[in-house]
**Student:** 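The structure under discussion is supplied below as structure tokens; questions concerning it will follow.
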Amino acid sequence: MRHFLKETDFSYTEAAAVFESARKIKQFRGRMSSDALAGKTWALLFAKSSTRTRVSFEVGLSELGAHVLYLDQKSTQLGRGETIDDTARVLSRYVHGLVIRTYGHEIVEEFAKYATCPVVNALTDFLHPCQIYTDAFTLAERWAQPGQPLIESLRGKKLAFIGDSANNMANSWILGGALFGMKIALAGPKGFAPGKEIVAQLAKDGLENNFLYTEDPLEAAADADVLYTDVWVSMGQEAEEKQRLEEFRPYCVDSRLMAAAKKDALFLHCLPAHLGMEVTREVYESPASIVFDQAENRLHVQKAIVSALV
Ligand code: CP
Ligand code: NVA
């Protein structure tokens with residue numbers, strides 16, 4: 001059974017095929033119906049809020065022909081203490097795939113251990129792999145030469161991640177960047193450097209340590225091909241909000257940081273965005289910002305990911 005819990009659950013060659021398939025899906029959307037999942041039911045089991053992930057999966061799975069169930073975790077028996085292994089074994093008797101958004105990464109791993117259908121990680125505290133595949137695809141769409149496989153255009157490119165360098169998006173960029181052959185420079189305040197878990201994951205996957213971390217956002221942004229940021233307070237960290245907003249203030253992506261990057265550098269944000277905090281309105285609304293292409297591509301790339309699993 002194939003699952004997609006982390007970036008490296010697909011090999012480089014498989015990731016290359018996902019990107020090419022997403023390109024075709026995007027090109028033919030609306031003109032080509034698919035019955036890849038006809039007669040199948042997929043469930044989304046979410047313990048956290050979502051706009052993009054929920055809607056892009058619901059729409060994408062329906063476009064592949066599946067019936068889709070959205071389960072708010074609180075209203076299931078999981079919310080009252082039923083175990084993950086029982087939930088996974090029971091849901092597997094009804095549905096053909098599970099898309100899960102939750103807190104601890106070990107929760108999706110436990111689901112994958114007991115489920116007899118594919119499990120897709122729709123964000124944990126540790127990783128957000130569907131987002132990173134989409135982001136990389138969005139960049140490759142811009143960078144690939146005609147006829148060049150999309151994934152090859154990523155090799156050697158520098159992505160600067162400004163903000164919480166210990167969060168799920170930072171971790172996912174470290175892991176995804178290593179898989180795609182990119183250089184990742186992260187900048188964030190002391191105490192928010194990449195943790196030992198992501199370094200251990202790279203080693204486990206046999207990937208080289210491709211990242212550098214600094215407290216200086218200008219150093220990270222220097223000569224970057226793309227600047228990336230994310231919220232300063234991730235879901236589940238609400239109690240730390242006051243302190244975080246204070247500490248992250250010097251890490252706003254503004255025109256000064258963009259000017260330190262390459263002349264044609266792009267700006268990405270997984271969204272939701274907080275203008276005036278992690279990014280200025282000026283940068284967010286500038287031609288360098290391709291955040292809505294990025295959001296749209298969730299749909300196409302996730303359809304390609306699911307198709308690769310089934
Ligand atoms: N980027 C992202 O995952 O957005 P949602 O939280 O709205 O799903
Ligand atoms: N780091 C953010 C990502 C949201 C898509 C969070 O976990 O809330």
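The first residue in the sequence is number 1, and the count goes up from there. Whatever order the structure lists ligands and atoms in, that order sets their numbers, starting from 1. All values below were derived from every heavy atom in this structure, side-chain atoms included, with hydrogens, water molecules and symmetry-related copies excluded. Bear in mind the structure is a predicted one, so any value in this text is a computation, not a measurement.
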**Student:** Can you report which non-hydrogen protein atom sits closest to atom 4 (O) of ligand 1, along with the distance?
**Tutor:**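 Of the protein heavy atoms, Arg52 NE, 2.8 Å lies nearest.
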**Student:** Ligand 1 and His128, any nitrogen or oxygen pair closer than 3.5 angstrom?
**Tutor:**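 For ligand 1, there is an N or O atom that lies under 3.5 Å from one belonging to His128.
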**Student:** Do the side chains of Lys26 and Glu141 get close enough for a salt bridge, i.e. N-O under 4.0 angstrom?
**Tutor:**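 Judged by the 4.0 Å cut-off on N to carboxylate O distance, Lys26 and Glu141 do form a salt bridge.
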**Student:** Starting from atom 7 (O) of ligand 2, find the nearest protein heavy-atom neighbour and note its residue, name and distance.
**Tutor:**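 Of the protein heavy atoms, Asn168 ND2, 2.8 Å lies nearest.
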**Student:** When you measure from the side chain of Thr76 to the backbone of Gln73, do you find a donor-acceptor pair of N or O atoms at a distance under 3.5 Å?
**Tutor:**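 Yes, because the side chain of Thr76 sits within donor-acceptor range (under 3.5 Å) of the backbone of Gln73.
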**Student:** Among all protein heavy atoms, pick out the one at the shortest distance from atom 4 (C) of ligand 2; state its residue, atom name and that distance to 0.1 Å.
**Tutor:**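 Sorting protein heavy atoms by distance from atom 4 (C) of ligand 2 puts Leu123 CD1, 4.0 Å first.
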**Student:** Heavy-atom distances under 4.0 Å decide this one: backbone, side chain, both or neither, for Arg101 against ligand 1?
**Tutor:**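 The part of Arg101 near ligand 1 is the side chain, not the backbone.
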**Student:** For the backbone of Thr134 and the side chain of Asn297, can you confirm whether one donor and one acceptor N or O come within less than 3.5 Å of each other?
**Tutor:**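 Side chain of Asn297 to backbone of Thr134: no pair is present.
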**Student:** How far is atom 8 (O) of ligand 2 from the closest protein heavy atom, and which atom is that?
**Tutor:**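 Ranking protein heavy atoms by distance from atom 8 (O) of ligand 2, first comes Met235 N, 2.8 Å.
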**Student:** Ignoring hydrogens and angles, state whether a donor on the side chain of Thr138 or Gln294 is under 3.5 Å from an acceptor on the partner side chain.
**Tutor:**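 Gln294 and Thr138 do not have a side-chain donor-acceptor pair below 3.5 Å.
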**Student:** Within a radius of less than 6.0 Å around CZ of Arg89, do more than 12 heavy atoms belonging to other residues, nucleotides or ligands occur?
**Tutor:**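 Counting neighbours around CZ of Arg89, more than 12 heavy atoms of other residues, nucleotides or ligands fall under 6.0 Å, so yes.
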**Student:** Measure the distance from atom 2 (C) of ligand 1 to every protein heavy atom, then report the residue, atom name and distance (to 0.1 Å) of the closest one.
**Tutor:**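 Ranking protein heavy atoms by distance from atom 2 (C) of ligand 1, first comes Arg298 NH1, 3.4 Å.
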**Student:** Do NZ/NE/NH1/NH2 and the carboxylate oxygens of Glu58 and Arg54 come within less than 4.0 Å?
**Tutor:**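 Yes.
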**Student:** Would Asp230 count as a polar contact of ligand 2, with the cut-off being nitrogen or oxygen pairs under 3.5 Å?
**Tutor:**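 Among all N and O atoms of Asp230, at least one is under 3.5 Å from an N or O of ligand 2.
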**Student:** With heavy atoms under 4.0 Å as the rule, classify the contact between Val231 and ligand 2 as side chain, backbone, both or neither.
**Tutor:**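 Answer for Val231: side chain.
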**Student:** Could you say whether the N/O atoms of Leu271 and ligand 1 ever approach to under 3.5 Å?
**Tutor:**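 Leu271 vs ligand 1: N/O contact under 3.5 Å present.
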**Student:** Any ion pair linking Lys263 and Asp225 (charged N to carboxylate O, less than 4.0 Å)?
**Tutor:**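 No.
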**Student:** With a 3.5 Å distance limit and no angle check, can you tell me whether Lys303 reaches the backbone of Val59 through a side-chain donor-acceptor pair?
**Tutor:**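 No, because the side chain of Lys303 does not come within donor-acceptor range (under 3.5 Å) of the backbone of Val59.
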**Student:** Name the orientation class of the two ring planes belonging to His269 and Tyr284 (parallel below 30°, tilted from 30 to 60°, perpendicular beyond 60°).
**Tutor:**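 Judged by the thresholds at 30° and 60°, the geometry between His269 and Tyr284 is perpendicular.
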**Student:** Which residue supplies the protein heavy atom nearest to atom 7 (O) of ligand 1, what is that atom called, and how far is it?
**Tutor:**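 Of the protein heavy atoms, Thr51 N, 2.7 Å lies nearest.
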**Student:** Report the part of Leu123 in contact with ligand 1, treating N, CA, C, O as backbone and CB onward as side chain, heavy atoms under 4.0 Å; options are side chain, backbone, both, neither.
**Tutor:**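 Answer for Leu123: neither.
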**Student:** Is it the side chain (CB and beyond), the backbone, both or neither of Lys48 that lies under 4.0 Å from ligand 1, heavy atoms counted?
**Tutor:**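 The answer is neither.
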**Student:** Should Ser234 be counted as touching ligand 2, given the test is an N or O pair under 3.5 Å?
**Tutor:**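 Looking only at distances, the answer is yes, because the N/O contact criterion of under 3.5 Å is met.
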**Student:** Compare Asn167, Thr124, Leu271, Val233 and give the one whose heavy atom is closest to atom 5 (C) of ligand 2.
**Tutor:**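 Among Asn167, Thr124, Leu271, Val233, the closest heavy atom to atom 5 (C) of ligand 2 comes from Leu271.
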